[in-house]
There are 2 protein chains.
Amino acid sequence: MGKQMTEMLKGTLEGIVLALLTGKAAYGYEITTLLRAQGFTEIAEGTVYALLVRIEQKGLVDVEKRPSEKGPPRKVYTLNAQGKTELDEFWTTWSFLAERLEQLRTEGK
Amino acid sequence: MGKQMTEMLKGTLEGIVLALLTGKAAYGYEITTLLRAQGFTEIAEGTVYALLVRIEQKGLVDVEKRPSEKGPPRKVYTLNAQGKTELDEFWTTWSFLAERLEQLRTEGK
DNA sequence: TACCGGTACTTAGCAACACTAGGTTCCAAA
DNA sequence: TTTGGAACCTAGTGTTGCTAAGTACCGGTA
């Protein structure tokens with residue numbers, strides 16, 4: 001992964017995962033493959049699992065264990081009310097930053 | 001500063017400062033006030049100076065010391081060739097991320 | 001039976017970055 | 001003489017994503 005992208009993902013990856021969980025519960029392995037499908041081809045597996053632990057401890061998601069046909073049981077994450085609030089705030093913060101940067105780029109300043 | 005914003009600035013603040021230096025040299029104190037004028041009202045002074053040390057050590061800027069009418073001498077930073085390359089890469093990385101996020105938001109996924 | 005590969009999750013240690021909270025220097029005005 | 005603004009510096013902290021290595025479960029294949 002490019003070093004720039006690694007740094008830029010700090011603070012945004014959590015929002016991305018929360019956004020992925022909007023309206024559709026998912027488990028860790030699934031989220032990893034989803035991210036890769038969306039273009040984040042080099043996201044490390046461990047990164048995703050660590051992030052999931054974090055957002056669970058922050059109380060942004062509910063977790064349910066479900067057996068899998070192949071492999072160990074899945075931990076399925078669902079966005080809860082607090083998670084939705086956090087996601088809203090994320091979009092607000094993101095919009096602010098994106099606007100400033102767009103301005104900077106077009107100004108050529 | 002909101003915690004979300006703090007994390008989101010990681011990786012982008014450097015790009016923002018490089019962008020500010022495009023076409024116009026500036027010194028640390030000036031950059032801090034510029035950032036605040038652009039809406040980043042809560043950027044800590046120390047953060048900016050530490051960042052300037054970093055980009056100087058990476059060789060992205062040239063530095064020149066100039067006396068000030070009031071106060072200690074200014075360190076004026078100018079974007080050099082390597083800095084411009086880095087800035088280009090920054091915009092590429094940023095665009096990628098911004099596109100993915102815009103897609104995520106509109107999809108409501 | 002033994003082994004391999006894919007699914008699925010976990011964790012200890014590391015590097016980078018923004019912040020906190022102090023500090024120093026220089027000068028002019030009160 | 002003291003205050004305040006201009007201008008810069010830095011040690012320590014917390015958060016984050018990455019690396020690298022591991023465990024658990026199961027089906028297919030030799």
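Computed from a prediction, not measured in an experiment: that's the story for all the values here. Chain identifiers are assigned alphabetically (A, B, ...) following the order of the sequence lines, protein sequences preceding nucleic acid strands; residue numbering begins at 1 within each chain.
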Any side-chain donor near an acceptor of the partner, B:Gln4 and A:Thr93, under 3.5 Å:
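Checked: B:Gln4/A:Thr93 side chains pair up, N/O donor to acceptor below 3.5 Å.
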Hey, would you say the A:Phe96 and B:Phe40 ring centroids sit under 6.0 Å apart?
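Here the rings of B:Phe40 and A:Phe96 have centres that are less than 6.0 Å from each other.
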When you check the gap from the basic side-chain N to the acidic O, do [X] and [Y] get nearer than 4.0 Å?
X	Y	value
B:Glu64	B:Arg66	yes
B:Arg36	B:Glu42	no
B:Glu14	B:Lys58	yes
B:Glu69	B:Arg74	yes

OP1, OP2 of [N] versus side-chain N and O of [X]: anything below 4.0 Å?
X	N	result
A:Ser68	C:dA8	yes
B:Arg54	C:dA18	yes
A:Lys75	C:dT10	yes
A:Thr47	D:dC18	yes

Given [options], which nucleotide is nearest the side-chain atoms of [X]?
X	options	answer
B:Tyr49	D:dC18, D:dT10, C:dC9	D:dT10
A:Glu7	C:dC17, C:dA18, C:dT7	C:dC17
A:Leu13	D:dG17, D:dA7, D:dT15	D:dG17
B:Leu9	C:dT11, C:dA18, D:dA7	C:dA18
A:Arg74	D:dA7, C:dC9, D:dC18	C:dC9

Starting from [atom2] on [N], measure out to [atom1] on [X] and report it in whole angstrom.
X	N	atom1	atom2	answer
A:Tyr29	C:dG5	OH	C1'	11 Å
A:Glu14	D:dG14	CD	P	19 Å
B:Lys70	D:dA6	NZ	P	6 Å
A:Leu18	D:dT16	CG	P	12 Å
B:Glu64	D:dA7	CD	C1'	16 Å
A:Lys10	D:dG14	NZ	P	16 Å
B:Tyr27	D:dC9	OH	P	14 Å
A:Glu45	D:dA21	CD	P	15 Å

Answer with base, sugar-phosphate or nothing: what part of the nucleic acid does [X] contact at a heavy-atom distance below 4.0 Å?
X	value
B:Glu30	nothing
A:Leu52	nothing
B:Gly28	sugar-phosphate

Pick the closest DNA chain C nucleotide for B:Gly11 and for A:Pro72 by heavy atoms, then say which residue is nearer the 5' end.
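It is A:Pro72 whose nearest nucleotide is closer to the 5' end.
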